[in-house]
Amino acid sequence: MGHTATAQAGSGGLTATEHRLANGLRVVLSEDHLTPVAAVCLWYDVGSRHEVKGRTGLAHLFEHLMFQGSASVPGNGHFELVQGAGGSLNGTTSFERTNYFETMPTHQLELALWLEADRMGSLLAALDEESMENQRDVVKNERRQRYDNVPYGTAFERLTALAYPEGHPYHHTPIGSMADLDAASLEDARTFFRTYYAPNNAVLSVVGDIDPEQTLAWIEKYFGTIPSHDGKQPPRDGSLPDVIGEQLREEIVEDVPARALMAAYRLPHDGTRECDAADVALTILGGGESSLLHNCLVRRDQTAVAAGFGVLRLAGAPSMGWLDVKTSSGVEIPAIEAAVDEELARFAAEGPTAEEMERAQAQLEREWLDRLSTVAGRADELCRYAVLFGDPQLALTAVRRVLDVTAEEVQAVAAARLRPDNRVVLVYEPLAADAAEGGEGEENADSDENEGAEQ
């Protein structure tokens, strides 16, 4: 089934059609003939929030296993075929989904669709102990290189564990623990695949220089015979009170180049007007070099070398406002924390100016346009809104909702949420006192890290 592609108000003329195969696979198509390329994006409704205690990291491990061969494409063949055809590809895992994507020359679109269908339908035929051990080692090395052995590498993991209590589905991050990665068995992986890697648990979007009728025919041909699976259990409840109710703190003494203050504030769920207001608030406060915290700490006081504040949007649990400040040489954390609290309290009391609202909303609009301006970015956004909110069309009008937010709503969410009793805090101290006397800090954490590790 499907419907006519009609441009909605505020969509910038972009359109998308929706279809559903008999086996439950949701399909979203969007034509764009500007360049002769097409993007294929496949989101599976499974992420680290679906994992159980003792098996953390399994969703991310399986992302890697999906590149280890299938019935018709052994070994590294998926990469070789796509790259040999002039395309690019990858996959990522987050709390709430796992995605796979290719961008191909238009005349190679059928190849990408066949490859994705082949591993959705036949990966179990190729999944064995050798591929399991190979990718287990790859993921463990990734953890060492991106988390355990880099400055501030475990900060997000530590903040998440503090912000979401023990037993909460978001308490652990997608990378998983070394012990749980070691404990995962081949049968665990097979059960995981049967449960979650079914067409009725996925959304496939194809965007670009496509013939919709031909594209849908290929999708029906390659995906239509894959059986659905009804054994999936819904993720555990991720709801929490609006406010943490206390400040939780942890101090880490490590070999880091500079002292750092990091904090996570509990924010409204993604998909709500309040979350959009929080996004505007944190953009004003810490979104780039024109932000209030950067101007206050880096430019005016010169007590920090970097200061950022952004939102990790989450649909199944309260979102997280991530604050990251790296100090200048000799500056101690209490001075930074006092300045941050003063700026947040002033903002909550006075609210944003008209100029600050205009600049922040323009920045968020540009980011939205950047995402939708590429076929790959648009394909990903269509999948995101289909999987998390049930309606891919929302991707085409998301900016309108941000631009509708008022200064009063921004002030209200700041007053309600950006409070000392609604945050968890990490304080980083260098191993040696003289280490704090000089290193240049890093910019605030990459959001891709927060959403999981890339292949």
Side-chain angles (χ1 to χ4, degrees), residues 139-163 172-178 247-265 282-283 285-312 320-344 418 420 423-454:
V139 173
K140 289 169 67 176
N141 281 331
E142 180 180 325
R143 181 181 172 91
R144 295 184 187 102
Q145 292 169 4
R146 297 187 59 187
Y147 295 80
D148 297 336
N149 298 331
V150 295
Y152 318 108
T154 59
F156 179 69
E157 189 173 44
R158 292 172 184 269
L159 281 174
T160 299
L162 288 172
H172 68 278
T173 56
I175 192 66
S177 72
M178 286 292 197
Q247 182 175 194
L248 305 175
R249 300 177 71 91
E250 182 179 337
E251 182 172 313
I252 302 104
V253 179
E254 284 186 357
D255 185 13
V256 293
R259 292 188 178 101
L261 172 71
M262 300 186 190
Y265 292 77
L282 269 61
T283 301
L285 287 163
E289 295 185 0
S290 64
S291 67
L292 296 179
L293 288 175
H294 185 91
N295 282 329
C296 169
L297 299 173
V298 180
R299 289 183 176 172
R300 187 191 72 194
D301 298 344
Q302 298 183 9
T303 53
V305 295
F309 210 172
V311 179
L312 171 61
M320 181 190 294
W322 170 285
L323 172 72
D324 186 351
V325 181
K326 305 298 193 317
T327 68
S328 299
S329 60
V331 177
E332 297 191 353
I333 294 299
I336 293 290
E337 193 164 4
V340 168
D341 285 345
E342 181 181 353
E343 191 65 25
L344 296 187
L418 302 183
R423 71 183 177 199
V424 299
V425 177
L426 291 185
V427 173
Y428 275 89
E429 290 286 345
L431 279 173
D434 59 356
E437 296 298 324
E440 286 292 315
E442 297 176 356
E443 293 298 326
N444 57 306
D446 183 345
S447 63
D448 284 344
E449 179 201 51
N450 299 349
E451 292 187 356
E454 289 191 359

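Bear in mind that the values here come from a model prediction, so they are computed numbers and not experimental data.
Side-chain contact between Val427 and Arg249 is present, with heavy atoms from C-beta onward closer than 4.5 Å. Contact annotation: the side chain of His294 approaches that of Ser291 to within less than 4.5 Å [non-hydrogen atoms, C-beta and beyond]. A heavy-atom distance below 4.5 Å is not found between the side chains of Glu429 and Ile252. By the 4.5 Å heavy-atom criterion applied to side chains, Phe156 and Leu312 are counted as neighbours. Two residues are said to be in side-chain contact when any heavy atoms from C-beta on lie closer than 4.5 Å; Asp341 and Glu343 fail this criterion. No side-chain heavy atom of Leu293 sits under 4.5 Å from any side-chain heavy atom of Val325. Side-chain atoms of Ile175 and Glu142, non-hydrogen and from C-beta on, do get closer than 4.5 Å to each other. Looking only at side-chain heavy atoms (C-beta outward), Thr327 and Glu332 stay at 4.5 Å or farther from each other.
Of the possible donor and acceptor atoms, none in the side chain of Thr154 sits under 3.5 Å from a partner among the backbone N and O of Tyr147. In this structure, Arg143 contributes its side chain and Gly176 its backbone to a donor-acceptor pair below 3.5 Å.
A distance of 6.0 Å or more separates the ring centres of Trp322 and Tyr265.
Here CE of Met320 is found 6.5 Å from CG of Leu159. Values are rounded to the nearest 0.5 Å.
Heavy-atom minimum distance, Gln145 versus Val150: O-CG1, 3.0 Å. What you find for Pro151 and Pro257 is that their closest heavy atoms are CB-CD, 3.8 Å. Nearest heavy atoms, Pro420 versus Gln247: O-CB, 3.2 Å. Thr173 and Thr160 make their closest contact through CG2-OG1, 3.7 Å (heavy atoms, listed as atom of the first residue, atom of the second, distance). For Tyr152 against Ala260, the heavy-atom pair with the smallest separation is CE2-CB, 3.7 Å.
Using a 4.0 Å cut-off between a side-chain N of Lys or Arg and a carboxylate O of Asp or Glu, Arg158 and Glu254 qualify as a salt bridge. Taking 4.0 Å as the cut-off between side-chain N and carboxylate O, Lys140 and Asp148 do not count as a salt-bridged pair.
Among the candidates Leu323, Leu162, Leu261, Leu248, the single residue satisfying the side-chain contact (heavy atoms from CB on, under 4.5 Å) test with Leu426 is Leu162.
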Is there a salt bridge (charged side-chain N to carboxylate O under 4.0 Å, His left out) between Glu337 and Arg259? Walk through the geometry before answering. CA-CA 12 Å; Glu337 193 164 4; Arg259 292 188 178 101; over 6 Å; no
Going through the checks in order, is the side chain to side chain contact (heavy atoms under 4.5 Å, CB included) test met by His172 and Glu157? CA-CA 7 Å; His172 68 278; Glu157 189 173 44; over 6 Å; no
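For Lys326 and Tyr428, the positive end is not near the middle of the six-membered ring at less than 6.0 Å and at most 45° from its axis.
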Ignoring hydrogens and angles, write down the donor-acceptor pairs under 3.5 Å from the side chains of residues 296-307, residues two or more places apart or on other chains.
residue : atom : partner : partner atom : Å
Arg299  : NH1  : Asn295  : OD1          : 3.0
Arg299  : NH2  : Glu289  : O            : 3.4
Thr303  : OG1  : Leu297  : O            : 3.4

